[in-house]
Structures are given as C-alpha cells and as structure tokens.
Amino acid sequence: MDARTIALDARHGDVLLVVIRGEHDIYTAPKLRDQLDEALGQRPVGLVADLSGSTFLDSSILGALLEARRQALESGVNFVVNLGEEPEAGVQRILEITGLVPVFPVVRSAGEALESARAAPADA
Amino acid sequence: MDARTIALDARHGDVLLVVIRGEHDIYTAPKLRDQLDEALGQRPVGLVADLSGSTFLDSSILGALLEARRQALESGVNFVVNLGEEPEAGVQRILEITGLVPVFPVVRSAGEALESARAAPADA
Amino acid sequence: MDAPVVRLDLPARPEGVGVVRQALVGVADGLALDGTVLSDAKMAVTEACTNAVVHAYEPGHDGRLEVDMFADDAALTVVVRDAGIGMQPREDGQDTHAPTAALGLGLPLIAALSDEFEVRGGPGDGTEVSMAFNYERAADPAAENPITGGPGPSGRWTLDEPDPAG
Amino acid sequence: MDAPVVRLDLPARPEGVGVVRQALVGVADGLALDGTVLSDAKMAVTEACTNAVVHAYEPGHDGRLEVDMFADDAALTVVVRDAGIGMQPREDGQDTHAPTAALGLGLPLIAALSDEFEVRGGPGDGTEVSMAFNYERAADPAAENPITGGPGPSGRWTLDEPDPAG
Ligand SMILES: Nc1ncnc2c1ncn2[C@@H]1O[C@H](COP(=O)(O)OP(=O)(O)O)[C@@H](O)[C@H]1O
Ligand SMILES: Nc1ncnc2c1ncn2[C@@H]1O[C@H](COP(=O)(O)OP(=O)(O)O)[C@@H](O)[C@H]1O
C-alpha cells in the first residue's frame with residue numbers, strides 16, 4: 001500500500017493546503033477531520049484539500065471533506081478540492097458519480113486551486 | 001500491487017534483456033522460466049535479467065534466474081543481473097543475504113549490465 | 001457456487017478495512033482484473049466493510065467481519081458478513097451506532113459500483129452484503145444505478161425522492 | 001495469545017500467495033510497521049505459503065492454506081498452516097511433490113528473516129510454520145541465522161555443512 005499521509009502545507013501565505021496522499025478510509029478519516037479542523041481554526045483566507053497524490057478515498061473521506069466545506073462556508077473561508085492533472089481513476093470516479101465535482105468545487109491543478117482559494121467569494 | 005510484467009527487450013543488438021517489473025513469486029515464475037528459455041534459445045552474446053523495476057522477488061524467482069545462469073554458462077552466453085541504481089530494499093536484501101551478488105553476478109546500472117553482457121568471458 | 005473461496009475472518013475494526021481491500025487487490029491480480037472493475041470493487045467492498053465496522057456492533061464490543069471472495073467465469077463475487085445487530089428500521093433519521101457524520105453514501109455506492117448486489121439479514125441476524133463485479137461490463141453500473149441528491153444540511157446525504165410517476 | 005486474529009483461508013494455489021502477501025501489507029499498514037521488517041515478513045511469509053502450495057498436497061488435489069496474523073505489543077506473528085502430507089524425511093534428495101527445481105531456500109530464508117520461527121507437524125499431520133517479526137530488532141536476524149552455501153550443480157541449494165568443531 002502507498003504510504004498514507006495527511007499533512008498541512010502552510011507555505012502559501014493566506015491559503016492552507018491539507019495534502020492527502022495514498023489510500024484513505026475509515027481508519028484515517030479521524031486524522032483527516034482533525035487536520036481539517038486545525039487548518040480551519042487558523043482562519044485562512046482559503047483551504048485547499050489536495051487529493052492529487054491520493055490513490056483511494058471512500059465515503060468516510062468524502063464525509064470529512066463535506067464537513068470541512070460546510071464549516072468553511074459558515075466561517076467565510078474559501079474551500080476547494082484539487083484533484084490534480086492526473087488523478088487516480090478511482091478518486092476521480094467517486095467524485096464524479098456522487099456529483100460532488102461542482103459542489104466542493106473540484107479543480108485540476110495546484111495553481112487553479114490556489115487561485116480560487118484566494119479569489120473566490122465564499123458563497124453559500 | 002504493481003503491475004507484474006515480464007518482457008523481452010531486444011533493442012540492444014547481440015544482448016537480450018529480460019525485464020522483470022513489479023512483484024514476482026511462484027505464480028509468475030513459470031512465465032519467467034519460459035521467457036528466459038526463449039531468450040537463451042536465440043543464442044545471444046549476452047543475457048541481462050533486469051530487476052531494476054521489480055518490487056518483490058522470492059526464492060522461486062531466484063531459482064529461475066539461477067537455472068538461466070546455469071544454462072547460459074553451458075552454452076557460452078554471458079549472464080548478468082542488473083539491480084539498477086535504486087533497487088527496492090527487499091530485492092537487494094534477498095540477493096545479499098543469499099550471497100548471490102557475486103555469483104550471478106549482480107551489477108547496478110543498465111550501462112554496466114550491457115557492457116559486461118557484451119564483454120565478459122563466459123567463465124564457469 | 002463451488003468456485004474455491006478466499007475467506008478472510010478478522011476483527012470488525014477500522015484498520016481491518018484496508019486488510020480486506022489489499023487482499024482483494026491480491027485476488028484481482030490473479031484474475032488480471034480490468035482496472036476500472038478493480039477500482040469499483042475496491043470502493044464497494046470498502047463501503048460494505050466500513051458498514052460492518054461502524055454499524056454492526058455495540059461500540060467497544062469487538063465483533064468479527066467475514067469476507068468471502070470467489071471468481072467464476074464471468075464475475076468476481078465478494079460477500080461481506082457480520083454477526084451484528086442487523087439492518088434496523090431507521091427512527092427519526094438517527095442511527096444506533098453511527099459515529100459523528102456517517103454520510104449515508106455506503107449502500108448507494110455499493111449499488112452504483114457493482115453489477116449485482118444483495119443485502120440480507122434483519123434485526124438481530126447480522127448483515128450480509130453480496131456484490132458481483134463482472135469482468136466484462138455491458139454498461140456502466142453507475143449509469144444504471146446513479147447516485148442522486150447531495151449533501152443535506154444535517155451532514156447526511158439526501159437522496160432525491162424517487163419520482164412516483166416514473 | 002488472545003490478540004485479535006486476522007485469518008485467511010484460501011486454496012493452496014500459486015495465485016493465493018500474492019493474496020496473503022497483500023493482506024499482510026494491509027495488516028502492517030495498521031501497525032505502521034517499519035519498512036525492513038515488513039519487507040522481511042513479506043518474504044518469509046511468501047516462502048511459507050509457497051511451501052504449502054508446492055509441497056503439501058498431491059498435484060491436482062486442491063488443499064487449503066490457512067494463515068493467521070496477530071499483533072501483540074512487541075511483534076507481528078504469522079502462522080501458515082496446511083493440512084497436507086507434512087514434512088517428510090528426504091530420500092535421496094528427491095521431493096515427493098516438488099516441481100522442477102525447488103531451490104531449497106525456503107526454510108533458510110524463513111530462519112534468516114524472522115526473529116523467531118517454529119515448524120510443527122510430521123508426516124500426515126499437515127505443516128504449521130509460525131514466524132514472529134519484532135517491531136524493534138536488537139540485531140539483524142539474517143546475521144544470526146545466515147544463509148550459507150550456494151547453488152549446487154543439481155539446481156538445488158547446497159548448504160554448508162555445519163562445522164562439527166564449532
Ligand atoms: N452491517 C450493518 N449492520 C447494521 N446496520 C447497517 C449495516 N450496514 C448498513 N446499516 C444501516 O444502513 C444505513 C445506511 O448505510 P449506508 O448507506 O452505508 O450509509 P452510512 O453507513 O454512511 O450511514 C446505516 O446508517 C445503518 O443504519
Ligand atoms: N508445507 C510443507 N508440506 C510438506 N513438505 C514441506 C512443506 N514445507 C517444506 N516441506 C519440505 O521441506 C523441504 C525444504 O523446504 P524449503 O527449505 O522451503 O525448500 P524448497 O521448498 O525450495 O524445497 C521441501 O523440499 C519439502 O520436502
């Protein structure tokens with residue numbers, strides 16, 4: 001199995017990235033929730049969930065991401081999911097068949113993610 | 001699991017490469033034996049078993065490689081194993097603890113492998 | 001079905017879900033399963049195992065999770081079984097053992113990603129989810145059993161009401 | 001040992017060895033096992049399963065392979081079990097069910113890569129190989145149980161004779 005990591009990347013000024021690599025499911029969902037909570041607690045302008053290096057995500061992870069999105073909207077933080085330019089097929093598929101691509105919203109590159117995390121008005 | 005492939009690379013003139021990628025064990029050992037036999041049947045000057053992309057090998061695979069080496073020696077074909085510059089730790093370990101590094105012999109780059117497969121006298 | 005079965009029997013704990021998923025990858029490897037079928041199977045089997053971990057047993061009580069995998073000429077079938085409380089009728093949207101924010105997408109995902117599935121068992125009987133994944137698909141099951149609706153305000157997924165006229 | 005056990009029960013066939021190895025990776029993932037320990041465990045467990053596939057049952061007869069994995073505070077223990085012919089006394093270097101060129105490195109590798117191991121069972125009783133892999137190693141087991149000798153002319157590995165004086 002690919003290394004399962006969840007890390008905070010704070011090198012982008014007022015935008016925080018939570019970088020999710022490898023396979024994630026109910027076992028690591030609590031860690032992801034904690035990491036997303038911590039990032040939101042820092043009141044960034046924007047929060048990016050970076051899935052570009054993730055190889056498997058289940059509905060526990062979608063639940064954690066949706067909860068972070070809800071909290072971000074409430075507190076006026078821009079929230080965006082970066083799927084990367086070459087996403088793992090299964091990760092892309094779960095986002096597509098659940099119709100969540102426009103909901104999160106999902107973008108396809110780090111640049112685009114930073115841009116919309118900085119610029120987008122946090123609409124509800 | 002990484003894709004398990006065994007392929008013949010005949011783009012190096014009088015040296016044939018059998019390229020072994022991913023995880024290999026008793027399940028794929030027969031395929032490896034066939035591929036090595038086929039390569040030896042073409043009477044090349046040298047035969048390289050390329051393990052640089054392999055992530056797991058067990059004693060069934062060592063057995064297949066040792067058998068190819070034995071046949072190569074018999075028929076005057078230079079035989080060499082290329083472990084690559086960044087071998088998987090487990091692949092390197094099985095070759096080292098069995099003392100097979102000097103036996104095969106094992107080299108650490110494609111260039112070195114081609115060179116010794118072309119130049120080495122097939123000694124016994 | 002008398003195909004030889006790979007059986008896993010393990011504690012119904014969060015860390016077990018990855019064990020089942022990895023074993024499935026190993027089984028698929030022996031079948032040279034197509035990438036999309038494998039990735040759908042990984043997801044559906046993960047959701048079924050997660051349900052056993054999350055819903056089947058009283059919190060703090062360690063139950064077992066049993067998974068059978070068997071391959072015939074046409075499909076890989078995976079059966080996920082627990083000996084827990086069984087599917088309960090929902091009362092006021094609340095789940096007996098659900099942790100904070102079970103999303104409610106597990107069974108819809110299983111339906112969307114498998115070519116055939118069945119859920120057996122009632123209150124007290126444990127639960128058994130059987131899923132078949134065809135090697136060759138005539139159609140994308142996710143198009144035949146699409147996931148409707150979206151995240152509701154409560155955090156749980158809200159499925160669209162089926163159209164009574166349709 | 002009452003640690004919760006992950007059990008696999010599968011046909012003793014070549015494609016099953018990868019299933020066990022993958023499941024082991026899943027178990028190790030839950031334990032955050034060190035890379036070298038995991039890679040040694042993968043190899044030793046592969047060799048034990050391969051022996052069950054190759055030696056335990058009459059060719060063409062499908063026996064079962066059972067594997068238990070359990071983790072305590074100090075080590076991951078893996079037990080590989082078959083219900084086959086059991087370890088037989090070797091006659092003139094020939095093996096009952098060995099395929100062309102069984103190398104003879106399986107048990108030496110198991111000894112070199114595990115921190116503790118035990119082989120149980122005799123003729124007719126099946127075979128059970130138990131291997132423990134410590135999370136923290138005081139020494140490299142491959143240094144304590146080194147593999148000696150080399151490939152013999154027959155194709156089988158020839159171990160050095162133990163020095164009767166040493
Ligand atoms: N193995 C099980 N044992 C008991 N109840 C279950 C089981 N699987 C599912 N359920 C019940 O069915 C409901 C719907 O499951 P699912 O669609 O997977 O969504 P979620 O697990 O996110 O709630 C669960 O909330 C639970 O009440
Ligand atoms: N599970 C088993 N059932 C029966 N015999 C076995 C089993 N495992 C090992 N043996 C016997 O022990 C011998 C040594 O095994 P091993 O060291 O693994 O080498 P190899 O399998 O390459 O012959 C085998 O040749 C076989 O005769």
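Every chain is numbered from 1 and lettered A, B, ... according to where its sequence line falls, protein lines coming before strand lines.
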Discussion item. Please classify the contact between Glu47(D) and chain B as side chain, backbone, both or neither, with a heavy-atom cut-off of under 4.5 Å.
Written reply: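 For Glu47(D), the contact with chain B is made by the side chain alone.
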
Practice prompt. Answer with side chain, backbone, both or neither: which region of Pro108(D) has an atom nearer than 4.5 Å to a non-hydrogen atom of chain B?
Written response: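 The answer is neither part of Pro108(D).
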
Discussion item. Just checking Arg43(B): does its CZ atom have more than 12 heavy atoms from other residues, nucleotides or ligands closer to it than 6.0 angstrom?
Written reply: no

Discussion item. Is it the case that atom CD in Glu116(D) sees more than 12 heavy atoms from other parts of the structure closer than 6.0 Å?
Written reply: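 Not buried by this count: 12 neighbours or fewer within 6.0 Å.
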
Worksheet item: In terms of side-chain geometry, is the basic nitrogen of Arg93(B) or Asp140(D) positioned less than 4.0 Å from the acidic oxygen of its partner?
Response: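 Looking at Asp140(D) together with Arg93(B), the answer is yes, because their closest N to O distance falls below 4.0 Å.
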
Worksheet item: Does a salt bridge link Asp25(B) with Arg21(D), judged by any charged N lying under 4.0 Å from a carboxylate O?
Response: yes

Minimum heavy-atom separation for [X] to [Y], with atom names?
{"X": "Gly90(B)", "Y": "Ser39(D)", "result": "CA-OG, 3.5 Å"}
{"X": "Gly106(D)", "Y": "Ser59(B)", "result": "N-OG, 4.5 Å"}
{"X": "Ser60(B)", "Y": "Thr50(D)", "result": "OG-CG2, 4.1 Å"}

Item to complete: Heavy-atom pairs under 4.5 Å with chain B are the metric here; pick the option from Thr148(D), Leu109(D), Leu105(D) that has the most.
Response: Leu109(D)

Item to complete: Tell me, please, which residues at least two apart from Arg64(D) pass side chain to side chain contact (heavy atoms under 4.5 Å, CB included).
Response: Asp9(D), Pro11(D)

Would you compute the distance between atom [atom1] of [X] and atom [atom2] of [Y] and round it to the nearest 0.5 angstrom?
{"X": "Trp157(D)", "Y": "Leu100(B)", "atom1": "CH2", "atom2": "CG", "answer": "4.0 Å"}
{"X": "Leu103(D)", "Y": "Glu67(B)", "atom1": "CG", "atom2": "CD", "answer": "10.5 Å"}
{"X": "Met43(D)", "Y": "Ile94(B)", "atom1": "CE", "atom2": "CD1", "answer": "3.5 Å"}

Discussion item. With side chain to side chain contact (heavy atoms under 4.5 Å, CB included) as the criterion, how do Tyr27(B) and Arg13(D) come out once you've worked through the C-alpha distance, each side chain's angles and the decisive distance to 0.1 Å?
Written reply: CA-CA 8 Å; Tyr27(B) 182 52; Arg13(D) 292 190 181 171; over 6 Å; no

Practice prompt. Might you work through the side chain to side chain contact (heavy atoms under 4.5 Å, CB included) test for Leu113(D) and Ile97(B), ending with a clear yes or no?
Written response: CA-CA 9 Å; Leu113(D) 298 172; Ile97(B) 66 175; 3.6 Å; yes

